[in-house]
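This structure is a prediction, so every number in the text was calculated from the model and none was measured.
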Amino acid sequence: SQPPHLAIGSDHQLMPVLGFGTAALHRRNRCCSNRRSWMPLDSVSDGESLGEALAEAVSLGLVGSRSELFITSKLWCTDAHGGLVVPAIQRSLKKLKLDYLDLYLIHWPVSSKPGKYKFPIEEDDFLPMDYTAVWSELEECKRLGLAKCIGVSNFSCKKLQHILSIATIPPSVNQVKPTCSLLNIHHSKGIALIAYSVLGSRVAFWGSHKIMESNILKEIAEAKGKTVAQVSMRWAYEGGEETHRISAEIPQCRTVGGEVYISEKGPIKSLDEMWDGEI
C-alpha cells in the first residue's frame, strides 16, 4: 500500500512521507527502486545513473508518468554562490533527464570555491555562504518552474531563522536530524522536518550499524511483530513521540554531524558553530 503524503510549501505540494536515498547505491539498485513509483528519490549524487534508471523505469512501464515520482536534489557547496544556482539546477535536471525537480535543497550551510567539485572539500576552499544571494536564486528556481518546492538541509534553528528573515518564499522543508528546538520552530513556521538515514545508512561513509543491530529495537520489533526497520521508520514518522524506550534507552546522536564541512581555515570551525549549540 502507498504511504501517506504530507502537504509542503505554500502551494501544498504532496510529498510522500517515506523516501529513498540514492547517495550510496549502485545503478542496478537504483532501477529497482522505481518499482515502487510512489517513493520519492533523493538524488544527492551521480544524477546521470539515476537519470538512466528513471528513463529505463518509464520505458519498462514501471512508472506510468513523471507525476508518480517525487524527486529531490541538492545544491552542492561549490555552486552555493550568487549567479551559480540556476545553472547548477539546470545541470542536475539534464543529468536526471527531467524538466523539473519536486524539491531542491541547499545541501549544507557553507559554500566552497566555485568550480572545484572535489570531495572531501579541501580545508582552504571553504567560504562563508551569502545566504541572501543563494536563497534568492533558489526562489528564482521555483519561479522558473525548475523546482516545485525549495528548502534547506542540515540547518540549525538559528540558520533557519536567518533564511526566514530574508525569504520571499520560505523554505518548505529542512532535511536534518531532528532536535526538540528544531521540532518547535518547524511546527510554528509550517516547515516540514525531514529526517534522513533513519536506518543508519550502513553502506555510506557516514553510516552506522547501531540502529539495525540495536537490541532494544529488536525487542520492540519482536513484541509488535514488525521488523527493526519498520519500528525505526515509524518512530521517525511519528516525531519520536510514541515509543519512549527508543528516546530514553538508545543514545540519541546525529548520524551526520558535518565534520567534513568544518575547517579552521573556513567560516565554520567547530560542531558548535555548525549547529549553533543545538547538537
Shortest non-hydrogen contact from [X] to [Y]?
X    : Y    : result
G151 : L138 : O-CD2, 3.8 Å
G9   : S172 : CA-OG, 3.4 Å
A133 : S136 : O-OG, 2.8 Å
V17  : H5   : CG1-C, 4.2 Å
A55  : K97  : CB-CD, 4.3 Å
L164 : P170 : CD2-CB, 3.9 Å

Does [X] belong to the same Ile/Leu/Val/Met/Phe/Trp/Tyr cluster as [Y], with side-chain heavy atoms less than 4.5 Å apart forming each link?
X    : Y    : answer
L14  : F70  : no
V173 : Y100 : no
L127 : L75  : no

[Y] side chain reached by [X] side chain, heavy atoms, under 4.5 Å:
X    : Y    : result
M274 : W108 : yes
K269 : S263 : no
L54  : L50  : yes
L62  : E56  : no
Y131 : P109 : yes
L103 : L105 : yes
F126 : P267 : yes
M212 : S232 : no

**OP:** Check the pair L146 / Y104 against side chain to side chain contact (heavy atoms under 4.5 Å, CB included), numbers first and verdict last.
**Re:** CA-CA 9 Å; L146 302 175; Y104 195 46; over 6 Å; no
Under a 4.0 Å N-O cut-off, is there an ion pair linking [X] with [Y]?
X    : Y    : result
E122 : K118 : yes
E139 : K142 : no
D99  : K94  : no

Interatomic distance, [X] atom [atom1] to [Y] atom [atom2] [nearest 0.5 angstrom]:
X    : Y    : atom1 : atom2 : value
Y117 : C77  : OH    : SG    : 11.0 Å
W275 : K159 : CH2   : NZ    : 8.5 Å
E273 : S156 : CD    : OG    : 11.5 Å
H12  : L6   : NE2   : CG    : 11.0 Å
N174 : I185 : CG    : CD1   : 9.0 Å
L160 : L193 : CG    : CG    : 9.5 Å

Donor-acceptor contact present, side-chain [X] to main-chain [Y], <3.5 Å:
X    : Y    : value
E68  : V63  : no
Q230 : T227 : yes
E137 : G83  : yes
E278 : C157 : yes
S111 : A80  : yes
D130 : H81  : no

**OP:** Could you check L93 against L101 for side chain to side chain contact (heavy atoms under 4.5 Å, CB included), going step by step and ending with a plain yes or no?
**Re:** CA-CA 7 Å; L93 289 170; L101 294 172; 3.7 Å; yes
**OP:** Mark yes when over 12 heavy atoms from residues, nucleotides or ligands other than K189 sit less than 6.0 Å from its NZ; otherwise mark no.
**Re:** no
Original post:
Once the angle between the rings of Y261 and F119 is folded into 0 to 90°, is it parallel (under 30°), tilted (30 to 60°) or perpendicular (over 60°)?
Top reply: tilted
**OP:** Could I get the full list of salt bridge (Lys or Arg N to Asp or Glu O under 4.0 Å) partners for D124, not counting sequence neighbours?
**Re:** K265
Original post:
Hey, which of D79, I106, L84 is the one that makes side chain to side chain contact (heavy atoms under 4.5 Å, CB included) with V134?
Top reply: I106
Original post:
Do K74 and Q175 pass the side-chain hydrogen bond (donor to acceptor under 3.5 Å, both in side chains) test, and can you show the C-alpha distance, the side-chain angles, and the key distance before you say yes or no?
Top reply: CA-CA 11 Å; K74 298 185 177 75; Q175 187 183 78; 3.0 Å; yes
**OP:** Before giving the answer on side chain to side chain contact (heavy atoms under 4.5 Å, CB included), spell out for C141 and V86 the whole-Å C-alpha distance, their side-chain angles and the decisive distance to 0.1 Å.
**Re:** CA-CA 6 Å; C141 291; V86 173; 4.1 Å; yes
**OP:** Assess whether side chain to side chain contact (heavy atoms under 4.5 Å, CB included) is satisfied between I150 and W135, documenting all intermediate values.
**Re:** CA-CA 9 Å; I150 53 177; W135 186 255; 3.6 Å; yes
